[in-house]
Asker: 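Before I ask anything, here is the structure I am working with.
Quick caveat: nothing in here was measured; it's all calculated off a predicted structure.
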Amino acid sequence: MADVSEYEKAMPRVQEHAARYEKALAEIRTTHAGKPAPEVRKALLATGERHGVRIANEVAQDAAERIADGTL
């Protein structure tokens, strides 16, 4: 089990990563809402890279489908 102090040390990096992901996601929601999921996914991955975030394929696919159908 990890030491609590290690968790606390990692939190700023985790929060920074989450903020970058949210920024990329918000950008794509604005520009790609209602577009086909494959197009949204491709744009999300590219935008994530621009923001310094590697987005897992499963996460990108789920987000893309939800942006495409307007549920995210």
Side-chain angles (χ1 to χ4, degrees):
M1 184 168 188
D3 185 326
V4 171
S5 65
E6 293 299 316
Y7 174 80
E8 290 171 352
K9 283 189 241 179
M11 279 312 295
R13 289 189 314 269
V14 171
Q15 290 170 330
E16 181 181 334
H17 184 273
R20 288 184 195 170
Y21 172 72
E22 181 56 39
K23 189 172 183 178
L25 192 61
E27 183 177 321
I28 296 304
R29 263 195 313 251
T30 299
T31 59
H32 286 73
K35 293 186 178 180
E39 182 180 335
V40 177
R41 182 180 177 283
K42 183 177 179 182
L44 179 57
L45 291 172
T47 301
E49 277 189 34
R50 259 197 349 268
H51 288 284
V53 178
R54 184 190 171 282
I55 302 171
N57 286 327
E58 297 83 5
V59 172
Q61 184 63 40
D62 180 60
E65 289 172 5
R66 294 176 64 203
I67 290 169
D69 69 14
T71 60
L72 181 65

Asker: Identify the heavy atoms of H17 and V53 that sit nearest to each other, and give their distance.
Answerer: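 Reported closest heavy-atom pair: NE2-CG1, 3.5 Å.
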Asker: Can you tell me how far NZ of K23 sits from CZ of R50, rounded to the nearest 0.5 angstrom?
Answerer: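 Separation between the atoms: 10.0 Å.
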Asker: Between E6 and K9, is the closest basic N to carboxylate O distance under 4.0 Å?
Answerer: yes
Asker: Is the shortest side-chain heavy-atom distance between T31 and T47 below 4.5 Å?
Answerer: no
Asker: Sequence neighbours left out, what passes salt bridge (Lys or Arg N to Asp or Glu O under 4.0 Å) with E39? Give chain and number order.
Answerer: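 E39 satisfies salt bridge (Lys or Arg N to Asp or Glu O under 4.0 Å) with K35 once adjacent residues are dropped.
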Asker: With sequence neighbours left out, what residues match E49 under salt bridge (Lys or Arg N to Asp or Glu O under 4.0 Å)?
Answerer: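 Expected list: none.
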Asker: So which atom in L45 and which in I55 form the shortest heavy-atom distance, rounded to 0.1 Å?
Answerer: CD2-O, 3.6 Å
Asker: Search all heavy atoms of R20 against all heavy atoms of H51 and return the closest pair with its distance.
Answerer: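 Taking every non-hydrogen atom into account, CD-O, 2.9 Å.
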Asker: Can you give each donor-acceptor pair under 3.5 Å made by side-chain atoms of residues 58-68, sequence neighbours left out, with the distance rounded to 0.1 Å?
Answerer:
| from | atom 1 | to | atom 2 | distance (Å) |
| --- | --- | --- | --- | --- |
| Q61 | OE1 | R41 | NE | 3.4 |
| Q61 | NE2 | E65 | OE2 | 2.8 |

